Each structure stands twice: as structure tokens, then as C-alpha cells.
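Encoded as C-alpha cells, the structure appears first; notes follow it.
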Amino acid sequence: MDNSTGKITLTYREALKQGLRKALQNDENVFLMGEDVGRYGGAFAVSKGLLQEFGADRIMDVPLSEAGFVGAGIGAAMAGMKPIIEVMTVNFSLLAMDQIVNNAATLLHMSGGQIYVPMIIRMGCGIGRQLAAQHSHSWEPFYAHIPGLIVLSAGTHEDARGMLRAALQSPDPVLLFEYTLMLNLEKEIAADLGFIDITKAKVLREGSAISIITYGTGVYKSLEAAAELALVGIEAEVIDLRVLRPLDERTFLESVAKTHRVLIVEDAWRSVSISSEISARIMEKAFYDLDAPVQRLCGVEVPIPYPAHLEEASIPQKNDIVNAVKKMIRHD
Amino acid sequence: MVQSTTEPQPMDAKRGLLFLYQMLLIRRFEEKAAEQYTKAKIRGFLHLYIGEEAVAVGVIQALREDDNLLCTYREHGHALARGIDPDIIMAEMYGKMQGCCRGRGGSMHLFDVANRFYGGNAIVSGHLPLAVGMALAAKKQKKTNLTCCFFGEGAAAEGTFHESLNLAALWEVPVLFVCENNLYAMGTAIKYSHAITELEKKGAAYGIEAVAVDGMDLMAVIAAANIAAAKVRSSGKPYLLVCNTYRFRAHSMFDAELYRDKKEVEEWKKRDPIPQFEQFLLQKQWITDAEITAFESKIEKKIAIAVDFAEAGTWEPLDQLTKFVYSETGN
């Protein structure tokens, strides 16, 4: 850490923890509930020490009852609290899907604007830790399909630290995807993040040759790929979508108007995915800006296998991005 | 207006007449709703509560204005017993803008936050976790209100029932769970749904005090509900009240009732809670036959007004279709 430059170096885990801690400090109505968030310190050690700091009323260990405690979080939000619900991994969120879809996402509209659900669900997710098919899901497209939810993806350390606090200002239910593969990854970020906007995508690297649109673990991979491409004279623009619902179209449509080429990168399965949606919107709204068809790098449509070489081959890697861009630009 | 007061009051003529009025209002309101359904004024699903009125009236009288109430998709009776205006309930069933949810919810989704009436929940047992969470919030906020949650015996076979009872007991939060056991989960009799059909026994697994009561007997429901509510308030812990009851009408308007014997229905009708309670009031000389007749005509007028209100209601403009999907667009 170096205060003199206004920058700090921290892991993704530490960034998440700082965001969580600030949220708890700022508002008495905020509490964290989830499996093993307290005494265990969080399955990924994100909430380690928070029980000692904030007490058992605000850091609540819950039984293995995803539908029960997610629903209870929704109920607590309906009654004036601001719960942060940790679903240990996105894989288990399917057990709570009825609560998320039929209650959290639905109540405000169905009640004619009477019932607000200001709740956040944090979920560890991502592929790449050899956890095999049942623990390697990319459910961002599932949840981004549902009107009434705000779906955020923390693909950077800035967002790992800042998105949670911003989300607490939302009167609507927010799902926050956190990427466990990055937990130990260190990055340098601004010590004071200031206001974090959770309505916009972000151009993380400017470029003129192509727009790489991505989110989640695709963000750093795409930035690395862009750096490598720059060495051979290809300037790629990298956009982190950040907000998967409601989508910020303007940011990526403006980029398309500039670069005229698009590669979309995501871990989720290709069919009916975030990239399907982005691609469709570009076709609908920016077709005449394109010099070439939109291309996609997505997860291979397979239950994610355990062995490292197969797992790695299941999702887009940096080299895949580099090669795909070269092919699009140079036709090689 | 919520009809209940802070503490349960002893039965007297005034309260007796109020409860009879509420049960009759529910019965006649739903008969009218069924009629309007056959005229296609009301669409979608319509689940009638006829036969079960003593449960909603008997339990809800034990609640305070600041208590939360969550119900199932068979909730017209509860909404009326809670004091929600029949006009806005009927308008909601018509799908009109003047309904309690702007017509968006319909029969199965009545919400009225002013009366702390949180549905109208149509995924069986999906609202039980919400009830636990609302009670948890009250505990955290150091409030003294309880959360009352109605559900059917079908819900007691769902995982969320068990999760919710466990959480409520574990967290020691004030939820009054009220199981309305009408013996059929749609068309599946309880003996085909539950290994243990005495549902009150399920409370013991979670250390939750539980009792079963004859849900066709208003006086019995009132007595049991008063005890239950008092225990939840004094202990801050959950309680399970099982009201054994029966629906006289089909599950919904689409149900041909192939799964039960007409004789069985007729047997249960002999235990209709409304004539039973009328007899009680007559014996006490708190009411006369002439007054009951006058009551009926008063209710008939009230329902006619509700129908007129719904008929005169307007449709939500199409440009408001997506209003309130998110709060930003709803201001």
C-alpha cells in the first residue's frame, strides 16, 4: 500500500471485504446473512473477522436453507431492513430461485408499486478451480433474463470494493456476482474510489480497431489480450459490461460506432447468453456501423469437467481472444 | 380500517355481530365473485374460501393493526377480515386500475401495505420464508408486532415449510404460522400427501408449540388464536396453529371435483361455521332472526356497491405496463 500516490494494492478478496465492512459501518439496518459467514469467516474468507467486529446480530450464520434464508432476507427487506445475503456460490442459488424470481423480482410490480425489496444477494461464482460440473456454473444469463432484478458483475477490484455500497442505495433487489478465481489476485487501485456508478458499462481500455465486450473473469483476460495485441499494432477497446441487467446499451453501441468490429467474451454457455443479447442489440441498433459480423467467444456447451486441461478448454482464455481478434482484423 | 384492537376482547354482543358480519360478507362476496367469474368479468384463477370463513375471521381478530399478515392465493376472506375495502378487492379481481394493486395481481395477489396485508402469494409455501424475514426484521428493530402467516396443508409438504419453521425457531422470531388444513391440496387428499396427517405434530420437530383446532367452529378458533397470538407476543417465538377445515367449493373454477365424494361435501356442510355461529348468537339473544335478515340485505348492498365500483373502474393505461418493474420508473 502506498498512500502517497493515492493508490493501494490489494487482493480481490480484500477488496470485497473492505466493501462489505464499509457497508456495515455506514448503516445500522444493513446485516450480512449466509452460510458460514460468521464463525467460519466465510467460505472464501471474505467476511473473516466481521463477526468479532459487528456481532452475531449483524453477521448471521444461517443453516443450509437457501430458499429459507434468501426468502427471509426478502421478508426482512420488505419490513425495512437492508440485508446482504451471501449465497456461498451461485451454484446453490438455484435452490432459492423461486424466492428470487417469484418474490424479489415480482413484488414491486405485482403489488402495483407498494412493496420494495431493497436487498443484495452476493454470490461467489466462476470457472477455473477444478470444482467440476455442479460447482462451476455461470448463471449470469439466467438472472439477467428476469425483469425486476439488477444484476451486477464485479470483474475488477474497483467493483469488488465499490459495487456493494452503491447497490445498497438501490430500492430494488440486486444480485452481485463475485469471481472466486480472482480472490488472491492483487491489483493496484485508487485508495478512494469515490462514487461507483452501477448503471453503466465501462470502457477500460480505449482502442480503435475492435470492441471486446465482456464481463466477469473475461475482463482481465481481455485487458491482457488487448495489451498483447497492441504489441502487434492492433488497438482493441475493452468494455466491461458490469451491469448485466438493465443493460447499458449506449456504452457498447458508441464503441461499435467507433471500431466497427465486435468480439464478445464470456464464460457462460453460448446459447441464450449475455453475448446472444448483446449481439442481437448490436444487430438491431448498430447493424450499419459494422464492418464484419459480431463474433463470440463463450463457454463450450458442456457440464464443466474436473481435469484442468478440459476445464481450461471449456472457457475462453487470453490466447483465444488474441487469436480471434487477429483473425477478425487480418483474416489470418 | 382494521377491526381488531390491541388485546383480545371477551366475546360480547358487539363482537359477535362483527364476526358474523365478517363471515357473511366473505361468503356473499365470494358467491358474487363466482357469479362474476361465470360472466367472464373476473378471469384467471379464482379460488373460493367458502366453508373456511371461521378460520380467517377467528385468527385475524387476534391481530393488532401493526401485525404483518401473509396469506395464500385463497385470500379474499382474509383481506375482507383484515378490513380491506371490498370495493378495491373486487376492482382488483376485475383487473381494474382502482384495485388494491392497480389490477396487476388479480384474485391471487391482493396486497395492501396500509393494512400490512402482504399477499396474496400464489407459489405454495413461497411466502413462509418472507414471513420469517419480516418477523426477523421486527426483532432486529425491537418492535413488538408479530407476523401471521396463513398456508394450506399442501404447503406443509414443501421444503420451504420445513426451512421456515426451523429458521423461525432457531432465530426465535414472532411468527404465528396458521395452517388451514382443508384436507385437499388441489385434488390430492391429505392421506396421499402427508405421512403424518396430524399436522400439529410437525411443530415438535422444530421445538415449536403447536395446537390443532376445529376450524369450522368460530368460537374455538377465536379461543385458540387468542392464546396463540398471546404466546407469540410474550415469548417472541413462533407458534403453529392448525385449523382443520373444509372448502365447500371446488379448488378453483376449473375443478370438476372428481377426487371427492359429494356425500363427504354434504357431511361437512352440516358443520358450516356460519349457521353454527348464528345459532350461538341467537341462543345468547344477541341477535334476532330479523336482524340476521337485515344483516344479509346490508351485505348485499355492500357487495352491489363493490361490483358497481369494479364495473366503473378503468384499465391501467398501456403506457404504464412497465411502471414499477424497477423503482426508478415508478416515481
Side-chain angles (χ1 to χ4, degrees), chain A residues 28-31 33 56-58 60-83 85 95-96 98-119 146-150 170-174 199 245-246, chain B residues 68 70 92 97 99-106 109-114 116 118-123 125-141 143 145 147 158-168 170-171 173 316 321-328 330-331:
Chain A
E28 280 289 310
N29 284 326
V30 173
F31 67 101
M33 68 191 326
D57 276 350
R58 301 193 62 204
M60 289 179 65
D61 281 322
V62 300
L64 311 188
S65 297
E66 282 79 6
F69 70 76
V70 169
I74 296 166
M78 287 163 65
M81 300 299 289
K82 285 189 181 170
I85 303 161
L95 294 163
D98 172 57
Q99 292 298 322
I100 297 169
V101 176
N102 278 312
N103 289 332
T106 307
L107 283 170
L108 182 65
H109 188 269
M110 192 170 68
S111 68
Q114 294 182 78
I115 296 175
Y116 290 82
V117 185
M119 156 207 77
I146 301 161
L149 299 180
I150 292 175
S170 168
D172 299 311
V174 177
T199 65
R245 182 174 195 102
Chain B
N68 302 314
L70 295 91
E92 183 63 30
M97 177 87 177
C100 54
C101 304
R102 303 163 72 93
R104 270 119 173 250
H109 303 292
L110 303 175
F111 290 87
D112 184 29
V113 170
R116 292 182 177 253
Y118 295 94
N121 295 279
I123 300 296
S125 194
H127 59 305
L128 273 69
L130 304 185
V132 175
M134 296 191 85
L136 176 67
K139 183 177 179 177
K140 286 183 181 297
Q141 294 159 351
K143 291 180 178 168
N145 60 332
T147 297
E158 290 279 2
T160 40
F161 166 82
H162 297 277
E163 293 188 24
S164 299
L165 261 65
N166 184 48
L167 290 175
L170 183 70
W171 294 341
V173 294
E316 184 166 20
L321 173 64
T322 58
K323 190 179 168 83
F324 297 125
V325 173
Y326 294 98
S327 56
E328 287 81 3
N331 298 324

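Note that the structure is a prediction, hence the values are computed from the model and not measured. First the proteins, then the strands, lettered A, B, ... as listed; each starts at 1.
- Proximity to chain B (any heavy atom under 4.5 Å) is shown, for A:L64, by neither the backbone nor the side chain.
- Taking each heavy atom of B:E163 and A:E66 in turn, the nearest pair found is OE1-N, 3.9 Å.
- Between A:H109 and B:L321, the shortest heavy-atom distance links the atoms NE2-O, 2.9 Å.
- Within the 4.5 angstrom heavy-atom criterion, no atom of B:L165 approaches chain A.
- Inter-residue side-chain proximity for B:S327 and A:L108 is flagged as met; some heavy-atom pair is nearer than 4.5 Å.
- Among the candidates A:D57, A:T106, A:N103, A:N29, the residue making the largest number of heavy-atom pairs closer than 4.5 Å to chain B is A:N103.
- Contact of B:T160 with chain A is made through the side chain alone, with heavy-atom distances under 4.5 Å.
- Looking only at heavy-atom pairs under 4.5 Å with chain B, the residue among A:L149, A:L95, A:V70, A:I74 that has the most is A:L149.
- Note that NZ of B:K140 and CD of A:E28 are 10.5 Å apart. Values are rounded to the nearest 0.5 Å.
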Could you pull out all donor-acceptor pairs under 3.5 Å where a side-chain atom in residues 131-139 of chain B meets a protein atom, sequence neighbours excluded?
| from | atom 1 | to | atom 2 | distance (Å) |
| --- | --- | --- | --- | --- |
| B:K139 | NZ | B:W171 | O | 2.7 |
| B:K139 | NZ | B:E172 | O | 3.3 |

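- Between A:Q114 and B:D112, the shortest heavy-atom distance links the atoms OE1-CA, 3.4 Å.
- Expressed to the nearest 0.5 Å, how far OG1 of B:T147 lies from CE of A:M78 amounts to 9.5 Å.
- Proximity to chain A (any heavy atom under 4.5 Å) is restricted, for B:L170, to the side chain, taken from C-beta onward.
- Taken to the nearest 0.5 Å, the CG atom of A:D98 stands 5.5 Å off from the CD1 atom of B:I123.
- Closest heavy-atom contact between B:C101 and A:M110: CB-O, 3.3 Å.
- Of all heavy-atom pairs between A:G80 and B:Q141, the closest is C-NE2, 3.6 Å.
- No side-chain heavy atom of A:L107 sits less than 4.5 Å from a side-chain heavy atom of B:Y118.
- Between A:F69 and B:L167, the shortest heavy-atom distance links the atoms N-CD1, 3.7 Å.
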